[in-house]
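So the structure is just underneath, and the comments pick up after that.
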Amino acid sequence: MDSCLFCRIANHEVPSDILYEDDSIVAFRDISPQAPVHFLVIPKKHINNIMEIEESDKELLGNILFNAQKIAKTEGCEEKGARFVLNCKTDGGQTVGHLHLHVLGKRMLYWPPG
Ligand code: AMP
Ligand code: ZN
């Protein structure tokens with residue numbers, strides 16, 4: 001999708017602080033971090049949100065989660081943990097319509113969210 005910001009980041013058309021990349025996913029730091037560690041992991045292919053994944057995306061989603069926890073560890077979050085979040089559509093607070101997993105760490109976060 002030419003107009004999608006995260007597709008453009010995945011294609012390196014928009015600069016980002018990339019932490020990890022392979023054939024199917026990219027991880028980059030959030031431009032407006034809400035914690036000392038805050039990065040996003042996205043599929044390179046455009047998927048609007050988690051409600052629109054298909055059976056054939058199961059391996060892709062596994063790759064996102066696997067690398068999210070690996071990066072969280074390299075960012076120093078192994079001992080105290082982190083929050084792994086998928087916002088979806090309006091009620092979920094999603095503002096960018098390309099599936100992305102947030103990882104936030106190095107700060108105590110509370111539950112439930114506001
Ligand atoms: P959400 O509200 O779940 O859709 O999250 C979108 C996230 O994308 C927000 O945390 C933004 O700060 C982040 N974001 C928006 N534009 C960029 C960008 N150009 N590079 C990195 N992160 C971005
Ligand atoms: Zn996209």
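These numbers were taken from a predicted model, which means no experiment stands behind them. Remember, it's 1-based here, ligands and their atoms both numbered in the order they're listed.
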Q. Is the shortest distance from a Lys or Arg side-chain nitrogen in Asp2 or Arg8 to a carboxylate oxygen in the other one below 4.0 Å?
A. no
Q) So, Glu75 and Arg29, do they make that salt bridge, N to O below 4.0 Å? A) yes
Q | Contact check, side chains of Gln94 and Asn49, non-hydrogen atoms, under 4.5 Å | A | yes
Q) Going by heavy atoms in the side chains, are Phe28 and Ile42 under 4.5 Å from each other? A) yes
Is the side chain of [X] donor-acceptor paired with the backbone N or O of [Y] at a distance under 3.5 Å, no angle test?
{"X": "Asn63", "Y": "Glu59", "value": "no"}
{"X": "Asp22", "Y": "Ser24", "value": "yes"}
{"X": "Arg107", "Y": "Val37", "value": "no"}
{"X": "Asp57", "Y": "Leu60", "value": "no"}

Q: Check whether the ring centres of His102 and His100 lie less than 6.0 Å apart, and answer yes or no.
A: yes
Q: May I ask you to check if ligand 1 and Gly93 share an N or O to N or O distance below 3.5 Å?
A: yes
[X], [atom1] atom: more than 12 neighbouring heavy atoms under 6.0 Å:
{"X": "Asp17", "atom1": "CG", "result": "yes"}
{"X": "Lys44", "atom1": "NZ", "result": "yes"}
{"X": "Glu52", "atom1": "CD", "result": "yes"}

Q.
Once rounded to the nearest 0.5 Å, what's the spacing between atom OG of Ser16 and atom CD of Glu21?
A. 8.5 Å
Q.
If I take atom CZ from residue Arg83 and atom CE from residue Met108, how far apart are they, to the nearest 0.5 angstrom?
A. 8.5 Å
Q. Taking the non-hydrogen atoms of Arg29, is any one of them nearer than 4.0 angstrom to ligand 1?
A. yes
(Q) Between ligand 1 and Asp17, can you find any atom pair, the residue atom being a heavy atom, that is separated by under 4.0 Å? (A) no
Please list the nearest protein heavy atom to [atom] with its residue and the distance rounded to 0.1 Å.
{"atom": "atom 21 (C) of ligand 1", "result": "Ile31 N, 3.3 Å"}
{"atom": "atom 1 (P) of ligand 1", "result": "His100 NE2, 3.1 Å"}
{"atom": "atom 2 (O) of ligand 1", "result": "Thr95 OG1, 2.9 Å"}
{"atom": "atom 16 (N) of ligand 1", "result": "Leu5 CD2, 3.3 Å"}
{"atom": "atom 8 (O) of ligand 1", "result": "Phe6 CZ, 3.4 Å"}
{"atom": "atom 7 (C) of ligand 1", "result": "Asp30 OD2, 3.5 Å"}

Check ligand 1 against [X] and write out every atom of the ligand that is under 4.0 Å from a heavy-atom position of the residue.
{"X": "Phe28", "answer": "21 (C), 22 (N)"}
{"X": "Ile9", "answer": "18 (C), 19 (N), 20 (N)"}
{"X": "Gln94", "answer": "4 (O)"}
{"X": "His102", "answer": "1 (P), 3 (O), 5 (O), 7 (C), 10 (O)"}

One residue to check: [X]. Relative to ligand 1, which of side chain, backbone, both or neither has a non-hydrogen atom less than 4.0 Å away?
{"X": "Val96", "value": "both"}
{"X": "Ser32", "value": "both"}
{"X": "Leu40", "value": "side chain"}

Q: Quick one: name the protein N/O/S atoms under 2.8 Å from the Zn ion (ligand 2), chain by chain.
A: Cys4 SG, Cys7 SG, His46 ND1, His98 ND1
